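Values reported hereafter were calculated over all heavy atoms of this structure, with side chains retained and with hydrogens, waters and symmetry mates removed. What you are looking at is a predicted structure, and each value in this text was computed from that prediction instead of being measured. Just so you know, ligand 1 is whichever comes first in the structure, and atom 1 is the first atom listed for that ligand.
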Amino acid sequence: MDKNHEMWNKLGMDVEKHDMLCEVLPGAFGDVFLSQENRPKGMDYWNMVVGDIHGIRPAELIEHQKNGGKVVGTFCIHVPDEVPIAAGAIVTGLCSGSQFWVPGGEKKLPTATCPLIKASLGARFDRTCPFFRIADLFVGETTCDGKKKAWEILAEDAPMFIMDIPQMKRDEDFEKWEAEIKRYIKRIEELTGNKVTEEGLRKAIHIVNNKRKALKRLNEFRKNDLVPISGKDVLIITQVAFYDDPERTTQMINKLCDELEERVKNKVSVYKPGAKRILLTGTPLSIPNWKMHHIIESLGAAVVCEEMCTGIRYSYKLVEEDDGADMDTMVHNLAQRYLGSINCACFTPNHARIDDIVRLAKEYKADGVIDLNLKFCNLYDTEGYFVEKELNKLGIPVMGIETDYTDEDAEQLKTRIGAFIEML
Ligand code: BJ8
């Protein structure tokens, strides 16, 4: 038995079923990513990481646990990574972007639930994802109704902690979020047995900010007329950033950016001249959901920005750093960043997201915007009304797409998106 199978067995996974995923994933990755021409050399790191996605990082997490450390799993970018890091824990995103996990979720949830939620429950209950076996604590949030109720079901099988996210952004909501972050700190201290000190939190803020800065630097290259890296590659880097070691990810992204700087100097682009530039907005694209990018870029267009949680929202605002800040100030700064600067459709009103889409469309010189909705996500679907209204008003071409994790609609999407690109 190879090392990975031994590890998965020990984790109590359904190894036979999981092997089915292992059989298709490398092929899918090869078709979507490795087939691209003229990729930056620096992408080798992500090829390696994704090539053994359920092996390398899970083994590191288990090693950490063997040394007495804890692993905290999260589902949403509102949950501050800095808190577990400050307590010496490792934080990992529990990203559920494959149709493989959906039927398992449907055994517990109504079919009319978004695939992201169904896949999250399926990954746990079917025992087919090592990350969902390893986490010592699962941190859910009350962003949407589907998630709220799903966490109750997940709690039957997994240790859960729920953060109650306000749905407005008034002063009292920021105060409430500060209190929630303090409650989270307490829970993490209990879990790890370590105190979250001022020094520890300050260091954690610095580590995560450095990752944000690297991702921001990476995204800046996409503003160039000649784009030196594909949208697909930036997507995979962002998806991996949710669970990779933050300091290593930062280092690897910066190394890649050095190469991209050279490419810009030498006028190297991965797209054909005149490729139409697309801004994607909407629901998150969790790993391994590469469907939209693959369709758009296979049609010869360029995805130049994602106004999404698996995009610019994850990195573009930093937590304020202040060497002299005490604990209360740092929690305040975290609350400002994690509530104030993330414009999820769960908020009402949510004009700031529409403003962001318009600003980003201009900054990244988008020829058109695709507003993407995961099937059964009522929040983003409804907010699409304002997205379209504003973009129509400004004369920025926009198209709404609703899809799921299956490939059943791939041909239809190709036709629709192809027609949209043609008219840009
Ligand atoms: S901050 S987008 S990561 S909640 S797609 S599960 S909203 S029904 S994922 Fe999200 Fe945080 Fe918001 Fe971002 Fe519900 Fe919609 Fe599904 Fe969603």
Side-chain angles (χ1 to χ4, degrees), residues 73-81 91-99 101-102 105-106 108-124 138-154 162-169 173 177 180 184 235 238-239 241-243 280-287 289 291-292 306-317 334-335 337-350 352-354 356-357 371-385 387 400-405:
T74 59
F75 298 92
C76 173
I77 67 162
H78 279 294
V79 175
D81 282 356
V91 59
T92 179
L94 295 171
C95 304
S96 313
S98 171
Q99 176 63 21
W101 294 302
V102 169
E106 284 177 342
K108 307 270 178 191
L109 293 162
T111 314
T113 303
C114 102
L116 202 150
I117 302 176
K118 288 192 283 202
S120 301
L121 261 60
R124 172 70 193 190
F138 291 65
V139 185
E141 15 58 51
T142 56
T143 40
C144 71
D145 287 353
K147 276 181 163 182
K148 257 189 294 209
K149 300 315 285 181
W151 304 148
E152 292 176 27
I153 300 174
L154 191 54
I162 308 293
M163 295 188 78
D164 186 12
I165 182 107
Q167 313 268 284
M168 295 178 86
K169 294 183 182 177
D173 298 310
W177 192 235
E180 278 300 285
Y184 185 37
L235 176 69
T238 310
Q239 289 174 334
F242 279 80
Y243 70 86
L280 268 183
T281 181
T283 46
L285 301 170
S286 303
I287 199 164
N289 183 6
K291 181 173 160 179
M292 282 304 287
E306 298 85 10
E307 189 285 316
M308 292 175 157
C309 291
T310 46
I312 219 93
R313 269 189 228 159
Y314 184 51
S315 57
Y316 86 115
K317 280 267 164 63
L334 285 173
R337 160 64 178 75
Y338 279 91
L339 183 63
S341 72
I342 302 170
N343 300 315
C344 176
C346 69
F347 293 103
T348 184
N350 198 30
R353 173 168 169 238
I354 314 298
D356 273 350
I357 296 170
D371 183 17
L372 180 70
N373 193 57
L374 271 178
K375 212 167 174 183
F376 304 122
C377 177
N378 194 35
L379 286 172
Y380 279 87
D381 198 10
T382 309
E383 197 159 277
Y385 169 83
V387 174
I401 292 272
E402 184 165 80
T403 188
D404 56 17
Y405 290 168

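- Within the protein, the N, O or S atoms sitting under 2.8 Å from atom 13 (Fe) of ligand 1 are C309 SG.
- Taking a distance limit of 4.0 Å, we find that atom 17 (Fe) of ligand 1 is approached by no protein heavy atom.
- Neither the backbone nor the side chain of N378 comes within contact range of ligand 1; no heavy atom lies under 4.0 Å.
- Taking 4.5 Å as the limit, every side-chain heavy atom of T74 sits out of range of all side-chain heavy atoms of L94.
- Within the 4.5 Å cutoff, the side chain of V79 has heavy atoms near those of the Y184 side chain.
- Side-chain atoms of Y405 and L116, non-hydrogen and from C-beta on, do get closer than 4.5 Å to each other.
- When side chains are defined from C-beta on, M163 does not count as touching C76, because their heavy atoms never get closer than 4.5 Å.
- Ligand-side atoms of ligand 1 in range of C114: 5 (S), 6 (S), 8 (S), 16 (Fe), range being under 4.0 angstrom from any heavy atom.
- Protein heavy atom closest to atom 10 (Fe) of ligand 1, with residue, atom name and distance, is K147 NZ, 3.8 Å.
- A distance-only check finds a donor-acceptor pair linking the side chain of T142 to the backbone of I165 [under 3.5 Å].
- In the vicinity of C144, heavy-atom distances shorter than 4.0 Å reach the ligand 1 atoms 6 (S), 7 (S), 8 (S), 14 (Fe).
- The atoms of ligand 1 that sit less than 4.0 Å from any heavy atom of I117 are 6 (S).
- Put simply, the side chain of K148 does not reach to within 4.5 Å of the side chain of I162, judged on heavy atoms.
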For residues 340-350, run the donor-acceptor check on the side chains, cut-off 3.5 Å, and write out each pair with its distance to 0.1 Å, sequence neighbours left out.
from : atom 1 : to   : atom 2 : distance (Å)
S341 : OG     : R337 : O      : 2.7
N343 : OD1    : K169 : NZ     : 3.0
N343 : ND2    : D356 : OD2    : 3.0
N350 : ND2    : N343 : O      : 3.3
N350 : ND2    : C344 : O      : 3.0
N350 : ND2    : E383 : OE1    : 3.2
N350 : ND2    : E383 : OE2    : 2.9

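- To the nearest 0.5 Å, atoms NZ (K118) and NZ (K375) are separated by 8.0 Å.
- When non-hydrogen atoms are compared, ligand 1 lies under 4.0 Å from the backbone of C377 as well as from its side chain.
- S120 is not listed as a side-chain neighbour of L154, based on a closest heavy-atom distance of 4.5 Å or more.
- The closest side-chain heavy-atom distance from I77 to F242 is below 4.5 Å.
- Scanning all protein heavy atoms for the shortest distance to atom 2 (S) of ligand 1 gives Y380 OH, 3.1 Å.
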